[in-house]
Student: 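Take a look at this one; I'll ask things after.
Just so it is clear, the values below take in all heavy atoms, side chains as well, and ignore hydrogens, waters and symmetry mates. Chain identifiers are assigned alphabetically (A, B, ...) following the order of the sequence lines, protein sequences preceding nucleic acid strands; residue numbering begins at 1 within each chain. Just so it is clear, the structure is predicted and the values come from calculations on it, not from any experiment.
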Amino acid sequence: MLISRPMNSSQSELPSQGHSAALPDRYNPQEVEGRIYSWWESRGFFKAEDVSTKAPFCVILPPPNVTGSLHMGHALDHTIQDVLVRWKRMSGFNALWLPGTDHAGIATQSVVERELRKEGLSRQEMGREAFEQRVWQWKEQYGNRIVEQMKRLGDSCDWDRLTFTLDKEVSKSVRKVFVSLYQKGWIYRGTRLINWSPQLESALSDLEVEHQEVKGHLWHLRYPLAQGEASLVVATTRPETMLGDTAVAVHPEDERYKDLIGQEIELPLTGRRIPIVADAHVDKDFGSGAVKITPAHDFNDYELGQRHNLEMINILNRNGTLNDSVPEPYRGLTTAQARKKLVADLEEMGLLVEVEPHSHSVGHCSRTGCVVEPLLSEQWFVKTSELAVPAKRVVESGTLRFEPESWTKTYLHWMSIIQDWCISRQLWWGHRIPAWTCTDCGQLTVAEEDPSQCGHCGSSKIQQDEDVLDTWFSSALWPFSTLGWPKETEALKTFYPTNVLVTGHDIIFFWVARMIMMGLEFCRDVPFRTVYIHGLIRDAQGLKMSKSSGNSVDPVEVIEQNGADALRFTLMSQLAAGRDLKFSQQRLEGYRNFMNKIWNAARFSLAALEGFEVPEQGLQALPQRSDLSVADQWIVYKLGLTEKAVDEALQSYRFADAANAVYSFAWHEFCDWYLEFIKPIIYGSSESEKKATQLVLAQVLNRVVRLLHPFAPFITEEIYQKLPLKGSEALITETFPTPRQDKHWLSVGSQEAALALDLVREVVTAIRNIRGENRIKPGEKIAVRLVPERDEAQKILGDNKGSIMTLAKLESCEIGPAQSLAKCALAPVVLGDLRVDVVVPLEGLVDIAEEIKRTSKALEKRQKELAQLQGRLNNENFVKNAPEEVVEQGRVQLEQLRNQISSLEASLARLR
RNA sequence: AGGGCCUUAGCUCAGUUGGUAGAGCGCCACCCUUACAAGGUGGAUGUCGUCGGUUCGACCCCGGCAGGCCCUACCA
């Protein structure tokens, strides 16, 4: 059962439900997330300043389609951006995440047309104006759905700046760019062969065509010569296009056809006479070596046709049916119908020589999936050759970087073979092309403001071009049109060039490349410094998620069931260098559990902080070092390492490393060891020790939620609101901890203490291991003797005896020289140059045979290591060539292994 | 055809300058120990795809091969 919880943005009371209420032992994201988000929003925490003393950091959101609903791809894309923005915001930047939505010409028009069809209407019947109004109406009603879903994810966008690609201001920039490029001659209108979607009845750009391998046939057709009885055979995968043939081409050096060059064919069914031409592009070995040429419906034939000055016959209507240029029986048929009939007719005439299976790739419309027909038609184009030059240069010079860097090569390659961009679409929903044709003089007037008369002859009989611009045209201007360009706004001055663009590799060419070209042309600078390219989300099996294959996971549902934080963490923790990632339910549950762990750690900590007095210095307050336990110094030391790891990882876009560093610190160091370790202190009798530990606990917990916040914003803010020690009203505006920023506090940590605590941990683990392997019940308390080799180890163990006893569940713990070792389990613990033998008397506790097994296993393992190590050290070349420290390290290790082995052997002997 | 990526524990994947392999999940055993069973403790598991080269030493660098994936172009 899913209950959707609408966000109430007018809510502005404190986000927490009050400090007195005890926290439940399970974290309930549904209860927390909406409340926290509304509070952030109402407090204006997402807003950036147009003018600020802080350094700017700007990310523009790739505008999702207004028709869209949030899918996993968005969830990934947005989480990355939100992590970056929250991290930078906390790091003291004037951080702007600029949101928007895209009018998505084709997609939106299709949705509304589908709606109309249900009402028995069509856009043609309605007329253009009424239809456009209807789409706007639709947009007002449903266009915000995706925005609401983004809020569920926790996106911290500056919503006041929400821009729609058809907003008035954006339209102004679109027109200015169009007119300017037109005046430069870089936008032109021309009749060329373009990709046509018969279903959309519109032109498409090359990029909107998806090639798929299709199993088809190769039809061999006999074409009789106009003179005499001779004939020649051509092979084709699209027999119906023969109706538009205007030549047959052969290779100039093909002996079979040499004599036919220059002669004419009488094209069957049409009776047209077409020439046989010679062209070196013909492959002698493919098919029959003779190619039918249809210049108006094939890209290769088009080029060949131009070379040979061939006639171009368009045989198709807008909807893909055959037009009146073909003979009667075929008129009005679809290409599929025509193909069937035509092949049958030719067969009857004895002109079908052979049909062989043949697979080839066919262009499909990326929107509708229908087969794309190459079609000769008049369209608008952007000339890209000049625009591409600086767009390549900025990447080559490193002014603009791709992350991961490997995309640079792909980008540059594409930019070097870039074709002119067909930008007109025969749709009604979009930016209408600002060009007017004069009915009197026939000339074009292109203008930013709607003209009332022809710019050439002054006639008032002018008509605006019916077409709209490719949606990607306005998207290409996004980094500056959203900041107010062409006005020189403060926002533009502050935030352009933006810092990072985050997107999937599927739209590098659709979008990224075009933004770079337009940004350089109109703002004289790159639109962003870094392009972060992430992979695509796949299902657990690694298949592409898609609605049609039914394997897509709805992020909103995931959020409802597990919380946005769990989803975000799942995505970020697996995000490695631009690789695709698989979404698995199990992994998600793991991170949901992690959120619960954090929740409970906070619950425990808050209880342990009962009676804690907030120091005057706040987050800068340091405890008396003499009151600190090694655990306190150790956890701060580890915190410092974690801050460093997270900082470095985020700086270099290694999101998974950052997320995993906090994860393992929070769970395996803070929860597993530190919280367990301080229990005896918290419940103990020494007030001074307790006070010092409480301060450390409060400080560390505060930093844990800060480090975690970009990844898991909701739960951390909720916890933060209940913390006794904090530096800000809200976590979202707190400072992100780094070793530099946090230097003062981190000075509490100590590496020596860390080493000492590691010894304690090793000792505890050794005891637990003996317990576990011998199946001693966790409830059963045992006695242990610890035999340190040196005074230093003795002191560490003495200082931490209480914690060792608690952590290992001991009845007694003696530290000192070995006494009787009969019937004892022994485990040698070695750490650096410290050594402790852990001795557990087993008399009456367990079956000695089990312990013999355990000891033998430990012994065997070490003997294997020893053999390996000896082999290496006995190799002269190793000793000669390896760095001194590596050799020395090996020698020390060897010594340690020998000691441990002799201890274990002795122990084993005693047991037997 | 050209270019790119991948192959590491049962599964999904890390492994940042070459020093002898890790995580999460799963699995086995024992535990409802007063933050958390969405938990705790302990344990098992890998000739790092294959062959060869460089090196004292290779998961890591170089080359061949096999298998999987992606992109671009084209196949009348």
Student: Return the nearest nucleotide to the side chain of A:H211; candidates are B:C36, B:G19, B:A73.
Tutor: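 The answer is B:A73.
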
Student: Could you list the residues that satisfy side-chain hydrogen bond (donor to acceptor under 3.5 Å, both in side chains) with A:D283, not counting sequence neighbours?
Tutor: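 Listed in chain order: nothing, the list is empty.
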
Student: Quick one: is B:A35 close enough that its OP1 or OP2 comes under 4.0 Å of any side-chain N or O from A:W667?
Tutor: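 Answer no for this pair, as no side-chain N or O of A:W667 is under 4.0 Å from OP1 or OP2.
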
Student: Take the protein atom CZ of A:F509 and the nucleotide atom C1' of B:G3, then report the distance between them rounded to whole Å.
Tutor: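 Going from CZ in A:F509 over to C1' in B:G3 covers 11 Å.
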
Student: Kindly give the heavy-atom pair with the smallest separation between A:V209 and A:G363, and that separation in Å.
Tutor: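 Smallest interatomic distance, heavy atoms only, reads CG1-CA, 3.6 Å.
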
Student: Could you pull out all residues at least two apart from A:Y591 that satisfy ring-ring contact (aromatic ring centres under 6.0 Å, His included)?
Tutor: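 If we apply the ring-ring contact (aromatic ring centres under 6.0 Å, His included) test to A:Y591, skipping adjacent residues, the hits are A:F569, A:Y663.
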
Student: Find the distance A:D672:CG to B:A23:P and express it as a whole number of Å.
Tutor: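 Distance check: A:D672 CG to B:A23 P gives 13 Å.
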
Student: Considering only the C1' atoms, how many Å lie between B:U8 and B:C60, rounded to the nearest integer?
Tutor: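 Here B:U8 and B:C60 have their C1' atoms 12 Å from each other.
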
Student: Which stems does RNA chain B form, counting runs of 3 or more consecutive Watson-Crick or G-U wobble pairs with both distances under 3.5 Å?
Tutor: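 Only these stems qualify: B:1-7 with B:66-72, B:10-13 with B:22-25, B:27-31 with B:39-43, B:49-53 with B:61-65.
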
Student: Please tell me which of the listed nucleotides, B:U20, B:G26, B:C36, lies nearest to the side chain of A:Q586?
Tutor: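 In terms of side-chain proximity for A:Q586, the closest of B:U20, B:G26, B:C36 is B:G26.
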
Student: NA contact type, A:K679, heavy-atom cut-off 4.0 Å: base, sugar-phosphate, or nothing?
Tutor: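 The answer is base, as A:K679 lies within the cut-off (heavy atoms under 4.0 Å) of a base atom.
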
Student: Have a look at A:H668 and say if it touches a base, only the backbone sugar-phosphate, or nothing, with a 4.0 Å heavy-atom cut-off.
Tutor: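 Counting heavy atoms under 4.0 Å across all strands, the contact made by A:H668 is with sugar-phosphate only.
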
Student: Between A:K864 and A:E860 (salt bridge meaning N to carboxylate O under 4.0 Å), is one present in this structure?
Tutor: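 No, this pair does not count.
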
Student: Looking for any heavy atom pair under 4.0 Å, which part of the strands does A:L581 touch: base, sugar-phosphate only, or nothing?
Tutor: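 Nothing, no heavy atom under 4.0 Å.
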
Student: Classify A:R872 by what it touches in the nucleic acid, base, sugar-phosphate, or nothing, heavy-atom distance under 4.0 Å.
Tutor: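 Touches a base.
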
Student: To the nearest 0.5 Å, tell me how far A:I598 CD1 sits from A:C671 SG.
Tutor: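 If we round to the nearest 0.5 Å, A:I598:CD1 and A:C671:SG are 5.5 Å apart.
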
Student: What's the gap between B:G19 and B:C6 when it is taken at their C1' atoms, as a whole Å value?
Tutor: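 It works out to 26 Å between them.
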
Student: Of all the heavy-atom pairs spanning A:L675 and A:A601, show the shortest one and how long it is.
Tutor: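 Heavy-atom minimum between the residues: CD1-CB, 3.9 Å.
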
Student: If you look at every strand shown and take non-hydrogen atoms under 4.0 Å, does A:Y683 touch a base, only sugar-phosphate, or nothing?
Tutor: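 Contact class for A:Y683: sugar-phosphate only.
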
Student: Which nucleotide in the list B:U20, B:G43, B:A76 gets nearest to the side chain of A:E773?
Tutor: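 Among the listed nucleotides, the one closest to the side chain of A:E773 is B:G43.
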
Student: Tell me, which pairs form a salt bridge (charged side-chain N to carboxylate O under 4.0 Å, His left out) where one or both residues lie in residues 654-683 of chain A, sequence neighbours left out?
Tutor: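 For residues 654-683 of chain A, and leaving out neighbouring residues, the salt bridge (charged side-chain N to carboxylate O under 4.0 Å, His left out) pairs sorted by first residue read A:K638-A:E669, A:R654-A:D657, A:E676-A:K679.
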
Student: For A:R603, which contact category applies under a 4.0 Å heavy-atom criterion: base, sugar-phosphate, or nothing?
Tutor: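 A:R603: backbone/sugar contact only, no base atoms under 4.0 Å.
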
Student: When you measure from the side chain of A:R26, which nucleotide among B:G43, B:A38, B:G42 comes out closest?
Tutor: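 The nucleotide sitting nearest to the side chain is B:A38.
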
Student: How far does the C1' atom of B:A44 sit from the matching atom of B:A1, given to the nearest Å?
Tutor: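 It works out to 49 Å between them.
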
Student: Is A:D301 touching bases, backbone alone, or none of the nucleic acid, heavy atoms closer than 4.0 Å?
Tutor: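 No contact at all - A:D301 keeps every heavy atom at 4.0 Å or more from the nucleic acid.
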
Student: Under a plain distance cut-off of 3.5 Å, with no hydrogens placed, do A:E850 and A:N774 share a side-chain donor-acceptor pair?
Tutor: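 Side-chain D/A pair, A:N774 to A:E850: absent.
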
Student: Nearest to the side chain of A:R768, heavy atoms from C-beta on, is which of B:A35, B:U72, B:G42?
Tutor: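 Selected nucleotide (nearest to the side chain): B:G42.
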
Student: Begin with the C-alpha distance, continue with both residues' side-chain angles, and end with the deciding distance and a verdict on side-chain contact (heavy atoms from CB on, under 4.5 Å) for A:V696 and A:Y674.
Tutor: CA-CA 11 Å; A:V696 173; A:Y674 182 68; 3.3 Å; yes

Student: So, is A:N600 close to the B:G39 phosphate, meaning a side-chain N or O under 4.0 Å from OP1 or OP2?
Tutor: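 No, because none of the side-chain N or O atoms of A:N600 sits under 4.0 Å from OP1 or OP2 of B:G39.
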
Student: Expressed as a whole number of Å, how far does the C1' atom of B:U20 sit from that of B:C56?
Tutor: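 That atom pair is separated by 13 Å.
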
Student: Take atom P in B:A58 and the same atom in B:G53, then report the distance between them in whole Å.
Tutor: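 My reading of the P atoms in B:A58 and B:G53 gives 12 Å.
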
Student: So, taking the atom named CG in A:L866 and the one named CZ in A:R862, what distance separates them when rounded to the nearest 0.5 Å?
Tutor: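 Spacing of CG (A:L866) from CZ (A:R862) equals 11.5 Å.
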
Student: Starting the side chain at C-beta, find the nucleotide from B:G40, B:A76, B:A35 nearest to A:A601.
Tutor: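 My answer, after comparing the listed nucleotides, is B:A35.
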
Student: Can you check the A:L675 CG to B:C36 C1' distance for me, whole Å?
Tutor: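 Going from CG in A:L675 over to C1' in B:C36 covers 11 Å.
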
Student: Compare the minimum distances between each of B:U72, B:A35, B:U12 and the side chain of A:K597, then state the nucleotide with the smallest one.
Tutor: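 For A:K597, the side-chain atoms sit closest to B:A35.
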
Student: Specify the residues of residues 650-660 of chain A, ordered by number, for which at least one heavy atom lies under 4.0 angstrom from an atom of RNA chain B.
Tutor: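 Hits under 4.0 Å, by residue number: A:R654.
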
Student: Is the count of non-hydrogen atoms from other residues, nucleotides or ligands lying under 6.0 Å from A:E884 atom CD greater than 12?
Tutor: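 Result for CD/A:E884: open.
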
Student: Rounding to an integer number of angstrom, what distance separates B:G15 and B:G22 when you compare their P atoms?
Tutor: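 About 15 Å, rounded to a whole number of Å.
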
Student: Return the 5'-most residue of the pair A:R592, A:N769 with respect to RNA chain B, ranking by each residue's nearest nucleotide.
Tutor: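 Checking each residue's closest nucleotide, the 5'-ward one belongs to A:R592.
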
Student: Would one find more than 12 heavy atoms of other residues, nucleotides or ligands at under 6.0 Å from atom CD of A:E354?
Tutor: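 More than 12 heavy atoms, drawn from other residues, nucleotides or ligands, come within 6.0 Å of this atom.
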
Student: Is A:Y591 close enough to B:A23 that one of its side-chain N or O atoms is under 4.0 Å from OP1 or OP2 there?
Tutor: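 A:Y591 to B:A23 OP1/OP2: no side-chain N or O under 4.0 Å.
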
Student: May I have the distance from A:M595 (atom CE) to B:G24 (atom C1'), rounded to whole angstrom?
Tutor: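 In whole Å, B:G24 C1' lies 14 Å from A:M595 CE.
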
Student: Which value, in whole Å, describes the distance between the C1' atoms of nucleotides B:C28 and B:C69?
Tutor: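 Nearest-Å result for B:C28 against B:C69 at atom C1': 36 Å.
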
Student: Looking at every strand, decide which applies to A:T765 at a 4.0 Å heavy-atom threshold: base, sugar-phosphate, or nothing.
Tutor: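 Sugar-phosphate contact only.
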
Student: If you compare every side-chain N and O of A:N881 against the phosphate oxygens of B:U55 (OP1, OP2), does one of them come in below 4.0 Å?
Tutor: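 It does not, given that no N or O in the side chain of A:N881 lies less than 4.0 Å from OP1 or OP2 of B:U55.
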
Student: A:Q574 side chain: which of B:C36, B:U12, B:A76 is closest?
Tutor: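 It is B:U12.
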
Student: Using whole Å, what does the distance between atom C1' of nucleotide B:A35 and atom CG of A:N593 come to?
Tutor: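 Taking atom C1' of B:A35 as the reference, CG of A:N593 is at 15 Å.
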
Student: Nearest heavy-atom pair of A:A566 and A:T570: which atoms, and what distance?
Tutor: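 Taking A:A566 first and A:T570 second, the nearest heavy atoms are O-OG1, 2.6 Å.
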
Student: Of A:Q868 and A:G590, whose closest RNA chain B nucleotide lies nearer the 5' terminus?
Tutor: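 On the 5' side of the pair lies A:Q868.
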
Student: Could you tell me which residues satisfy side-chain hydrogen bond (donor to acceptor under 3.5 Å, both in side chains) with A:N702, sequence neighbours excluded, listed by chain and number?
Tutor: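 Result, side-chain hydrogen bond (donor to acceptor under 3.5 Å, both in side chains) vs A:N702: A:R706.
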
Student: Taking atom C1' in both B:C27 and B:U45, compute the distance separating them and give it to the nearest angstrom.
Tutor: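 It comes out at 9 Å once rounded to the nearest Å.
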
Student: Counting only side-chain N and O atoms of A:K880, is one of them less than 4.0 Å from OP1 or OP2 of B:C56?
Tutor: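 Checking A:K880 against B:C56: no side-chain N or O falls below 4.0 Å of OP1 or OP2.
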
Student: A:R775 side chain: which of B:A76, B:A29, B:C13 is closest?
Tutor: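 When the side chain of A:R775 is considered, B:A29 is the closest of B:A76, B:A29, B:C13.
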
Student: A:N877 has an atom CG; how far is it from atom C1' of B:U55, in whole Å?
Tutor: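 A:N877 atom CG is separated from B:U55 atom C1' by 10 Å.
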
Student: Quick one: is A:K409 getting a side-chain N or O under 4.0 Å of the B:G3 phosphate, OP1 or OP2?
Tutor: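 Looking at the OP1 and OP2 atoms of B:G3, neither is under 4.0 Å from any side-chain N or O of A:K409.
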
Student: What is the nucleic acid contact for A:W407, judged by heavy atoms within less than 4.0 Å: base, sugar-phosphate only, or nothing?
Tutor: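 The answer is nothing, as A:W407 stays clear of every strand by at least 4.0 Å.
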
Student: For A:E210, which contact category applies under a 4.0 Å heavy-atom criterion: base, sugar-phosphate, or nothing?
Tutor: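 Answer is nothing: A:E210 stays at 4.0 Å or more from every strand.
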
Student: Among B:A38, B:A76, B:G19, which nucleotide has an atom closest to any side-chain atom of A:P883?
Tutor: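 Minimum distance to the A:P883 side chain belongs to B:G19.
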
